[in-house]
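Heavy-atom basis, side chains included; hydrogens, waters and symmetry copies ignored.
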Amino acid sequence: SVLPFSRSSAKLVAPLGCLVSRQKHTLPDLPYDYGALEPHINAEIMQLHHSKHHATYVNNLNVAEEKYKEALAKGDVTAQVSLQPALKFNGGGHINHTIFWTNLSPNGGGEPKGELMEAIKRDFGSFANFKEKLTAVSVGVQGSGWGWLGYNKEQGRLQIAACANQDPLQGTTGLIPLLGIDVWEHAYYLQYKNVRPDYLKAIWNVINWENISSRYASCKK
């Protein structure tokens with residue numbers, strides 16, 4: 001956690017800086033080949049999306065964090081505040097995509113089982129109803145953003161939400177992310193052009209319910 005800057009904590013900044021010289025963020029490997037999700041999402045999209053778009057968020061996040069560390073060491077609050085949008089955008093991009101790749105699988109599709117399915121029926125009436133709602137919310141995102149299935153820990157229930165741009169779900173709504181659907185044009189345009197609903201229809205064929213179920217199980221602990 002960031003210490004509030006004061007004369008007393010000024011002495012701590014230098015030694016803390018050395019302690020927290022953490023690993024830089026890195027681009028995670030995909031758990032499958034670029035072409036593994038075809039025909040639903042083609043290899044060219046996956047390659048560009050992962051090796052270019054996600055990589056750019058990672059690089060820019062590292063740069064922003066480095067600048068933030070310097071601003072912190074200097075006690076420059078103005079610089080800290082001005083770096084917040086870059087941290088939110090690139091940090092969110094990294095968080096969101098890291099979840100997204102694991103939410104997809106060449107062996108995906110179908111319906112979830114067990115506890116997750118029970119929760120979906122409880123909170124949305126039926127799986128079909130849930131699918132329709134998440135699709136509608138994702139189609140309805142204006143410009144760029146994400147559709148999410150999240151877990152509301154306080155209320156102990158599943159919730160659907162949309163986030164603009166790369167705003168991370170938990171950091172902006174408090175919901176724990178289970179399933180994210182990227183509706184930035186770079187996620188589908190090469191294959192589906194401007195017809196976002198077609199992409200959203202296709203993506204259900206590669207949704208990795210095992211991953212989402214294990215996310216659900218771990219956030220309920």
Side-chain angles (χ1 to χ4, degrees), residues 23-59 61 89-117 119-120 127 130-131 134-135 137-138 141 144-153 158-163 165-184 186-188 191 199-221:
Q23 294 290 306
K24 283 197 182 303
H25 299 286
T26 54
L27 182 67
D29 290 333
L30 279 192
Y32 38 76
D33 293 334
Y34 286 137
L37 303 181
E38 291 191 335
H40 311 292
I41 304 175
N42 71 30
E44 192 184 6
I45 284 177
M46 291 302 291
Q47 187 174 359
L48 285 167
H49 199 171
H50 177 260
S51 71
K52 298 285 188 275
H53 290 282
H54 190 173
T56 302
Y57 297 127
V58 171
N59 295 338
L61 175 59
F89 183 75
N90 295 295
H94 180 40
I95 289 167
N96 294 342
H97 286 88
T98 301
I99 295 166
F100 184 59
W101 308 132
T102 66
N103 277 172
L104 305 176
S105 163
N107 310 312
E111 299 185 359
K113 298 179 179 77
E115 267 196 281
L116 178 63
M117 187 58 149
I120 285 173
F127 179 75
F130 151 73
K131 194 170 156 180
L134 183 52
T135 300
V137 161
S138 304
V141 170
S144 300
W146 291 72
W148 288 99
L149 170 67
Y151 181 64
N152 184 324
K153 214 168 168 86
L158 299 172
Q159 232 173 292
I160 285 171
C163 289
N165 302 311
Q166 291 298 353
D167 293 3
L169 184 71
Q170 196 164 0
T172 47
T173 68
L175 297 173
I176 300 167
L178 302 177
L179 164 61
I181 299 181
D182 188 347
V183 289
W184 278 65
H186 66 227
Y188 62 87
Q191 188 172 359
Y199 157 69
L200 286 163
K201 199 154 72 180
I203 205 169
W204 291 102
N205 295 303
V206 288
I207 296 294
N208 183 355
W209 291 113
E210 274 178 34
N211 176 264
I212 297 149
S213 291
S214 68
R215 287 178 182 279
Y216 178 61
S218 61
C219 72
K220 279 190 73 192
K221 279 173 188 163

Ignoring hydrogens and geometry, is there a side-chain-to-backbone donor-acceptor pair from Q191 to N42 under 3.5 Å? yes
When you compare the side chain of E115 with that of S213, does any pair of heavy atoms fall below 4.5 Å?
no
Quiz item: Would you call K153 and I176 a side-chain contact if the rule is heavy atoms closer than 4.5 Å?
Solution: yes
Q: Please indicate whether E44 has more than 12 foreign heavy atoms, meaning atoms of other residues, nucleotides or ligands, lying under 6.0 Å from its CD.
A: no
**OP:** Would you check, one step at a time, whether the test side chain to side chain donor-acceptor pair (under 3.5 Å) holds for T173 with W148?
**Re:** CA-CA 11 Å; T173 68; W148 288 99; over 6 Å; no
request  = Evaluate the side-chain proximity of H49 to W101: yes if any heavy-atom separation is below 4.5 Å, no if none is.
outcome  = yes
- Query: Taking the inter-plane angle between the rings of F89 and W184 on a 0 to 90° scale, is it parallel (under 30°), tilted (30 to 60°) or perpendicular (over 60°)?
  - Reply: tilted
Closest non-hydrogen contact found for L37 with S105 is CD2-C, 3.6 Å
Shortest non-hydrogen pair, A43 vs G35, comes out as CB-CA, 3.6 Å
Residues at least two apart in sequence or cross-chain that pass side-chain hydrogen bond (donor to acceptor under 3.5 Å, both in side chains) with Y34, listed by chain then number, are H50
Distance-only, no hydrogens or angles: does the N205 side chain make a donor-acceptor pair with backbone N or O of A202 under 3.5 Å? yes
dist L48:CG -> H186:NE2 (nearest 0.5 Å) comes out at 10.0 Å
| query | Heavy atoms, side chains only, cut-off 4.5 Å: are Y57 and T98 in contact? | reply | no
Worksheet item: Given side chains that start at C-beta, do those of L158 and Y151 come closer than 4.5 Å, heavy atoms only?
Response: yes
Can you classify the ring geometry of H94 versus H54 as parallel (below 30°), tilted (30 to 60°) or perpendicular (above 60°)?
tilted
For L200 and I203, the nearest pair of non-hydrogen atoms, with its separation, is O-CG2, 3.4 Å
- How about P112 and I120: do any of their side-chain heavy atoms sit closer than 4.5 Å? yes
**Asked** So, do Y216 and L149 sit near enough that their side-chain heavy atoms are less than 4.5 Å apart?
**Response** no
Closest heavy-atom pair, V58 versus L27, reported as atoms and distance to 0.1 Å, is CG1-N, 4.0 Å
Taking every heavy atom of P168 against every heavy atom of N96, the minimum-distance pair comes out as CA-OD1, 3.7 Å
The side chain to side chain donor-acceptor pair (under 3.5 Å) partner of N103 among N211, D182, N208 is N211
Walk me through it: do Q166 and H97 pass the test side chain to side chain contact (heavy atoms under 4.5 Å, CB included)? CA-CA 9 Å; Q166 291 298 353; H97 286 88; 3.4 Å; yes
- Task: Using a 4.5 Å cut-off on heavy atoms from C-beta on, say whether the side chain of R215 contacts that of I99.
- Result: yes
Looking only at heavy atoms, the pair that brings S138 and G147 closest together is OG-CA, 3.5 Å
